[in-house]
Every structure is written in structure tokens, then in C-alpha cells.
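Heads up: the structure comes next, in C-alpha cells.
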Amino acid sequence: MNRQSKKMEIKSKAMTYANKLFPNILWVIDSKYDNNYYNKSVFSKPNEAFKKVRLEIVFENFTHPQKAFLFELLDESFNFFMKKDWYRFNALTRRIYDTDLTKIKIPEELKPYTTEPFLKATENIIEKERNIIAEMYQQLHRELIEETFVNIEPKQDIEEQESPKDFNELLNDIKNSNYTYLELYQFVKEKTAMDKNALEYFKNDIEFYLFTARDLHESYFSTEDVDNALKKLEDNGYSKEDLIKQGYLRKNKILEKIDGNVDAKETYYIDKERLLFPYEFYSIYELQRITNSELKKIEESQNPSLLKNKIKTNLSVPQLALLFKLLKDLKPNIFDLKSEAELHRFISDSFETKKSSDISTNKLRNLFNSPEPKSAEFWEKHLRTLLAEIKKIK
């Protein structure tokens with residue numbers, strides 16, 4: 001099994017934290033010649049970024065040596081951040097100073113921005129922002145590394161015992177590693193002994209972990225990140241209806257009181273997880289699916305009336321998924337669905353193939369997004385047969 005080492009995990013975390021703590025933009029000038037202003041880009045407020053990173057580090061529950069290694073990596077990024085030329089923190093001043101960019105002739109309208117007073121004022125603003133970040137980083141360093149008593153050594157040897165990981169740590173390990181389905185199943189079995197009450201508690205614990213971890217992970221993305229991700233999809237040809245169909249957007253109505261009249265205004269809820277980090281919690285969702293599946297087996301064995309007779313099909317899961325995707329995409333719509341996930345659950349609950357009696361909704365979701373070419377060839381052949389049959393009926 002190719003499980004990610006703790007060292008590599010911390011390196012990956014350090015890179016993520018550094019991008020949040022030490023931004024590339026420290027000032028946006030109100031000018032069309034500042035690309036970040038033109039693109040409506042903003043830089044995150046330092047105090048918000050530092051609060052989120054601090055919470056994430058505490059949530060990870062790193063040991064002191066692990067935190068020390070993490071901050072060694074962050075120190076490297078911090079030193080690079082502090083040595084960076086001030087003008088590189090703004091797109092317009094970089095255009096003026098950078099030798100690679102100054103080869104391009106500066107427009108006449110840009111000349112006022114090249115005066116000494118303006119550039120000095122801009123430098124002061126950027127350096128002030130950089131110093132604020134430096135102070136906050138030193139404070140974060142002190143709080144999480146230079147802790148009270150950390151340098152005090154025992155007078156005699158103390159046998160160190162590895163403390164057991166708490167539940168959040170275990171799930172973080174699963175989230176960040178490549179566990180097989182069998183290993184996930186064995187994890188559920190080890191923790192619950194497949195006892196119904198234990199499975200119920202286990203299910204609730206997973207749901208609570210997902211609720212907090214997703215919310216925390218989502219906080220790392222700014223409004224600009226969301227806008228850029230949506231724009232990228234739109235640039236690739238996605239219409240508003242496509243974004244709704246694919247689950248990136250969901251129509252929502254809010255009530256507004258205007259001039260004494262209550263009016264329903266239509267807005268859109270953005271699924272940030274689907275848009276920005278669709279596979280971050282994939283292993284946890286599989287763990288959740290296994291838990292729900294085992295609970296369902298117990299409930300059905302205790303109450304035979306709950307058993308559902310699934311339709312057995314000779315189709316493969318990819319062929320079945322493509323069939324329903326084609327039906328769902330017909331215009332006008334033939335299904336009245338609140339979300340695509342509702343259709344995935346219906347397929348999972350209603351069908352079984354020769355190889356799969358329990359079809360994963362996650363697998364269906366992936367196949368809806370990326371149908372297999374062989375399945376397309378299969379249905380291309382059979383659709384011709386269906387068309388021939390329809391002509392006979394006519």
C-alpha cells in the first residue's frame with residue numbers, strides 16, 4: 001500500500017499554510033494598469049489567514065517534533081517572503097521595475113504611477129503590510145513552538161509511550177492516505193465489531209468529523225478562488241444550466257421585503273467542495289458508505305420487510321451510469337430531481353450487476369462526470385438497434 005509518510009504529509013501541509021500566510025499580493029492599486037485590480041483580485045486579511053492556519057495546526061494535533069519540522073519549512077518560506085523585493089507584491093509596480101517587463105513600452109497614461117512620491121508611498125504601504133505579517137508569524141511561532149517548559153529536560157530517563165491517536169487523527173490519516181477498500185472495511189470492523197449500536201455511533205462521529213473538517217477546509221478558499229474556479233468552468237463552455245446540472249450550483253430562493261411587499265429573490269448556492277476540492281474527503285465518504293451498508297444489512301436481517309428486490313442487469317456499472325446520464329441530460333427534462341445525487345442513490349438502491357450487488361454512489365458520480373469511452377461505443381451500437389425498432393412501430 002502506498003501510504004503517504006508523515007514527513008511528506010507535513011511538507012504538503014507546510015506548502016498549503018505558506019501560501020495562506022505569505023501572499024504574493026500585498027497591495028492592489030485602484031488602476032486599470034494593476035492587473036489584480038482589473039481582475040477584481042483581493043488579498044486576504046492577515047489576521048483571518050493566521051487564525052485559520054493556527055486552528056488547522058491545532059486541529060491536526062501534531063506532536064512537538066512534528067510541529068518543529070513544520071515550522072522549519074515555514075521559516076524557509078517566511079525568509080523568502082521577507083527578502084522579496086517590495087515591488088513584486090503589486091502587479092503595477094512589478095511592471096515598472098521588473099527588467100523582463102520593462103522591455104514593453106510603458107503607456108503614457110502609466111507615467112503618473114512612475115513618479116518617485118507615488119512609488120515611495122506604495123513601497124511604505126507594502127512594507128507596512130509585510131511587517132504586520134512578520135509580527136503575526138513570530139507570534140504564531142511563539143504560541144505553537146516556544147511553549148512553556150519545552151526546553152526543560154527530566155533528571156532521569158522517562159520511558160516514552162506512544163499515545164493512541166484520537167478519532168480525528170485517525171480520520172485525518174485515512175483522508176491523507178491511499179487506503180484500499182479492504183483496509184477501510186477492516187477499519188470499520190475493528191472499531192465497531194459490526195455491532196449495530198457501535199455502527200450508529202461510528203456513523204455519527206464520521207458525520208461530525210465531515211461537518212467540521214469540510215467547513216475548516218472550505219475556509220482556506222477566498223471569494224476570489226471561488227470566482228476564478230467558476231470562471232474557468234464558464235471559459236470551458238459551461239452554461240449556468242450546466243453548472244446546476246453538474247451540481248456546482250443549486251437554485252435557492254430568499255425572501256426580501258421591498259416597499260412593504262415580500263418578494264422571492266432567486267439566488268444560487270455554490271457547492272464549494274464540489275467546485276474546489278471534490279476528492280479531498282473521498283476516503284472518508286467511502287468509510288461512510290461502508291458503515292451505512294453494514295448498518296443496512298443488520299436492519300434488513302432484523303426486519304425482512306425492509307429488503308428490497310433489486311433489478312439484476314447484465315449491464316456493467318459504467319454502462320448503467322451512462323444510460324441514466326443520457327436520460328437525465330435529455331431536454332426537456334424527463335426526471336424531476338432536486339439533485340443529481342438523488343439519481344445516483346436511486347440507481348444504487350434499485351440495480352445490481354453481475355459484479356456489483358452494492359453500487360457505490362461515489363463511483364456513479366465519477367462515471368456521470370467522466371463516462372467511459374467503451375460504454376459510449378456500447379450504447380452507440382444499441383441505440384441504432386432501438387432506432388430501427390422505433391421505425392418499425394411507426
Side-chain angles (χ1 to χ4, degrees), residues 179-185 188-189 194 196 199-200 203 206-207 210 242 244-248 250 271 273-274 278-279 281-390 393:
Y179 280 81
T180 65
Y181 293 113
L182 178 59
E183 287 175 318
L184 292 175
Y185 173 80
V188 176
K189 187 176 181 181
M194 297 309 184
K196 183 181 179 182
L199 284 165
E200 289 282 4
K203 174 185 175 182
I206 293 174
E207 288 174 355
L210 280 170
D242 292 330
I244 294 171
K245 189 188 303 178
Q246 297 293 337
Y248 296 108
R250 187 172 71 238
D271 188 337
E273 179 181 1
R274 176 141 176 71
Y279 301 109
F281 297 96
Y282 181 83
S283 295
I284 305 301
Y285 287 127
E286 282 302 313
L287 197 69
Q288 190 178 46
R289 184 191 67 79
I290 292 168
T291 304
N292 290 336
S293 177
E294 293 303 317
L295 266 174
K296 185 178 177 183
K297 288 178 186 177
I298 294 172
E299 289 168 356
E300 288 176 346
S301 66
Q302 293 175 348
N303 188 354
S305 63
L306 293 176
L307 285 168
K308 288 185 179 178
N309 292 321
K310 292 187 178 183
I311 298 174
K312 294 182 180 180
T313 174
N314 292 325
L315 296 173
S316 66
V317 174
Q319 290 167 352
L320 188 64
L322 181 55
L323 171 63
F324 275 93
K325 174 179 169 55
L326 293 171
L327 292 173
K328 181 188 75 70
D329 290 346
L330 283 175
K331 297 294 182 184
N333 295 331
I334 63 171
F335 295 132
D336 185 7
L337 299 168
K338 293 179 181 177
S339 69
E340 190 178 274
E342 190 179 344
L343 185 56
H344 299 161
R345 287 193 295 271
F346 168 78
I347 298 168
S348 178
D349 290 341
S350 305
F351 293 91
E352 62 178 81
T353 67
K354 287 181 177 179
K355 293 183 178 180
S356 302
S357 59
D358 187 12
I359 302 173
S360 165
T361 53
N362 280 329
K363 184 173 183 179
L364 288 169
R365 181 180 65 179
N366 293 336
L367 288 169
F368 265 59
N369 293 334
S370 302
E372 288 190 356
K374 287 185 179 179
S375 298
E377 292 172 8
F378 173 87
W379 283 115
E380 184 179 28
K381 172 185 173 183
H382 287 283
L383 285 172
R384 290 196 190 101
T385 305
L386 291 173
L387 283 171
E389 292 299 318
I390 289 171
I393 296 171

Can you tell if the side chain of Leu343 reaches within under 4.5 Å of the side chain of Phe368, non-hydrogen atoms only?
yes
Looking only at non-hydrogen atoms, find the nearest pair between Ile290 and Val188 and report the distance.
CG2-CG2, 4.0 Å
For Glu200 and Lys196: C-alpha separation, side-chain torsions, deciding distance, then whether salt bridge (charged side-chain N to carboxylate O under 4.0 Å, His left out) applies.
CA-CA 6 Å; Glu200 289 282 4; Lys196 183 181 179 182; 5.4 Å; no
Could you grab the distance from atom CD of Glu352 to atom CG of Leu320, nearest 0.5 Å is fine?
11.5 Å
Only residue of Lys328, Arg345, Arg274, Arg365 satisfying salt bridge (charged side-chain N to carboxylate O under 4.0 Å, His left out) with Glu340 is Lys328
Kindly say whether the aromatic ring centers of Phe335 and Phe346 come within a distance under 6.0 Å.
no
Hey, mind stepping through Glu294 and Lys297 against salt bridge (charged side-chain N to carboxylate O under 4.0 Å, His left out) and telling me if it holds?
CA-CA 5 Å; Glu294 293 303 317; Lys297 288 178 186 177; 3.3 Å; yes
Nearest 0.5 Å, what's the CG-NZ distance between Leu322 and Lys374?
14.5 Å
Hey, what do you get for CD (Glu372) to CG (Leu367), rounding to the nearest 0.5 Å?
6.0 Å
Under a 4.5 Å cut-off applied to non-hydrogen side-chain atoms, are His344 and Asn362 in contact?
no
Donor-acceptor contact below 3.5 Å, side chain Thr313 vs main chain Thr353:
no
Look only at the side chain of Lys310 and the backbone of Ser348, and say whether a donor-acceptor pair between them is shorter than 3.5 Å.
yes
Heavy atoms of Phe351 and Ile359 approach each other most closely as O-CD1, 3.6 Å
Determine the minimum heavy-atom distance between Ala321 and Leu364, stating which atoms define it.
CB-CD2, 4.0 Å
Euclidean distance, Ile347 CD1 relative to Lys363 NZ, rounded to 0.5 Å
13.0 Å
Shortest non-hydrogen pair, Leu295 vs Lys203, comes out as CD1-CD, 3.9 Å
Measuring from atom CG of Asn366 to atom OG1 of Thr361, what distance do you get when rounded to the nearest 0.5 angstrom?
9.5 Å
Anything under 30° is parallel, anything over 60° is perpendicular, the rest tilted; go ahead and classify Phe281 against Tyr285.
perpendicular
Should the pair Arg289-Glu286 be classified as a salt bridge under the 4.0 Å nitrogen-to-oxygen rule?
yes
Before accepting this row, confirm whether a basic side-chain N of the pair Glu377/Lys381 lies closer than 4.0 Å to the acidic partner's carboxylate O.
no
Quick test of your reading of the model: are Lys325 and Asp329 salt-bridged, counting only N-O distances below 4.0 Å?
yes
Separation between CG of Leu383 and CZ of Phe378, rounded to the nearest 0.5 Å
9.5 Å
